[in-house]
Amino acid sequence: MNSGKRLSRDFYTRDVLDVAPELPGKNLVIRLQNESLGRFRVTEVEAYRGSEDEACHAFKGRTARTEIMFHEGGRLYIYLVYGMYWMLNIVTGEKNNPQAVLVRGVENYPGPGKLTKSLGIDKSYYGEDLVFSERIWLEDTGLSYPVKCGPRIGIEYAGEYWKSRPWRYFL
DNA sequence: TCAGTGATTAGG
DNA sequence: CTAATCACTGAG
């Protein structure tokens, strides 16, 4: 797996609809249990866009859980769903504009719940800063790939308009 | 198709 | 305190 250059703050502080389509193909770098670094190409993500998006957890306002989404981009938003699976999200945008990208899959570990379980990502990563962290970050390999898009998955509770936004991006 | 599983949230 | 909800997965 090619290594690359760590993404800086500027990459994350843009609108989620600019950041999300650029994530597939980037490397997720994480320090594994044996202290070595693992590199996994991101294959699938979804954008969740601010207080207007019915499918976004920040839609109902600021809570203890969603607090980190109100920070500037580059932090991790981690939460447990269905009592079993940790979800990995990357906060984007400027301060007080709550947005995040759900990482739905990386190479060899497709599925948002499976990738966190396989890589050992849990609540302890909540709020981690991808710009400075020594155990998790994203890097640009300089390679680019064609990215497809389609509707987001698992948001039956949202209205038709929000369910139909093509904000899932994948290789 | 459907149960497992427990944090989070709103409401009394 | 209670009860509903849930950005998923794997089994049948």
Side-chain angles (χ1 to χ4, degrees), chain A residues 7 11-28 30 38 40-94 96-130 133 136-138 147-171:
Chain A
L7 295 171
F11 177 84
Y12 301 105
T13 52
R14 297 171 295 152
D15 189 276
V16 71
L17 294 183
D18 294 321
V19 177
E22 294 183 17
L23 283 174
K26 299 287 189 290
N27 279 349
L28 175 66
I30 184 165
F40 304 91
R41 189 163 50 174
V42 174
T43 55
E44 182 179 8
V45 302
E46 280 176 358
Y48 287 85
R49 190 164 187 258
S51 46
E52 62 176 22
D53 180 2
E54 289 179 15
C56 182
H57 288 167
F59 175 66
K60 292 176 183 166
R62 192 187 289 240
T63 67
R65 182 178 64 155
T66 61
E67 175 66 26
I68 197 67
M69 270 200 276
F70 290 80
H71 286 237
E72 75 175 350
R75 304 294 207 91
L76 292 186
Y77 167 45
I78 309 285
Y79 68 92
L80 188 68
V81 73
Y82 298 113
M84 291 184 224
Y85 303 103
W86 294 105
M87 297 289 103
L88 169 63
N89 297 256
I90 298 163
V91 175
T92 70
E94 300 290 347
N96 291 323
N97 185 358
Q99 311 180 326
V101 181
L102 170 65
V103 181
R104 294 192 58 88
V106 297
E107 200 152 43
N108 299 324
Y109 301 109
K114 288 193 288 190
L115 86 87
T116 53
K117 184 176 180 184
S118 301
L119 302 187
I121 296 169
D122 60 16
K123 185 77 185 250
S124 75
Y125 285 80
Y126 184 97
E128 196 90 4
D129 193 336
L130 296 177
S133 175
I136 188 168
W137 64 90
L138 287 173
V147 174
K148 303 174 199 169
C149 66
R152 295 174 290 180
I153 291 170
I155 52 167
E156 291 310 303
Y157 55 88
E160 274 306 320
Y161 176 79
W162 299 106
K163 274 199 293 186
S164 64
R165 292 310 87 204
W167 291 352
R168 181 168 61 98
Y169 305 94
F170 51 99
L171 296 182

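The sequence lines fix the lettering, A, B, ..., with proteins before strands; numbering per chain opens at 1.
- Taking the ring-ring contact (aromatic ring centres under 6.0 Å, His included) definition, one finds that A:Tyr79 meets it with A:His57, A:Tyr77, sequence neighbours left out.
- The environment of NZ in A:Lys163 is crowded: more than 12 heavy-atom neighbours from other residues, nucleotides or ligands sit within 6.0 Å.
- In DNA chain C, runs of at least 3 consecutive Watson-Crick or G-U pairs, each pair with both distances below 3.5 Å, span B:1-4 with C:8-11, B:6-11 with C:1-6.
- Note that CD1 of A:Ile153 and CD of A:Glu44 are 5.5 Å apart. Values are rounded to the nearest 0.5 Å.
- Shortest non-hydrogen contact noted between A:Ala55 and A:Tyr157 is O-OH, 3.0 Å.
- Remark: A:Glu46 CD to A:Asn89 CG distance equals 9.5 Å, nearest 0.5 Å.
- Rounding to the nearest 0.5 Å places OG1 of A:Thr92 at 11.0 Å from OH of A:Tyr12.
- The outermost nucleotides of DNA chain B lying under 4.0 Å from heavy atoms of chain A, listed 5' to 3', are B:dG4 to B:dT9.
- Toward the 5' end of DNA chain B, the nearer of the two residues A:Tyr82 and A:Arg65, judged by each one's closest nucleotide, is A:Tyr82.
- Taking a 4.0 Å limit (strictly below) on heavy-atom distances, residues 96-118 of chain A reaches DNA chain C at A:Leu102, A:Arg104, A:Gly111, A:Pro112, A:Gly113, A:Lys114.
- Judged as a salt bridge (charged side-chain N to carboxylate O under 4.0 Å, His left out), and not counting sequence neighbours, A:Glu94 has no contacts.
- With 3.5 Å as the limit, one finds no donor-acceptor pair spanning the side chains of A:Thr43 and A:Glu107.
- On the nucleic acid side, DNA chain C contacts chain A at distances under 4.0 Å to non-hydrogen atoms, with the end points of that region at C:dC6 to C:dG10.
- Atoms OH and CG, on A:Tyr125 and A:Leu119 in that order, are 8.5 Å from each other to the nearest 0.5 Å.
- Among the heavy atoms of the strands lying under 4.0 Å from A:Met84 is at least one base atom, whether or not backbone atoms are also near.
- Using modelled atom types, one side-chain atom of A:Tyr126 and one backbone atom of A:Ile68 make a donor-acceptor pair closer than 3.5 Å.
- Side-chain atoms of A:Arg49 do not come within 3.5 Å of backbone N or O of A:Gln99 as any donor-acceptor pair.
- With A:Arg165 contributing its side chain and A:Trp162 its backbone, the two residues share no donor-acceptor pair below 3.5 Å.
- A donor-acceptor distance shorter than 3.5 angstrom exists from the side chain of A:Arg75 to the backbone of A:Gly127, with no hydrogens or angles considered.
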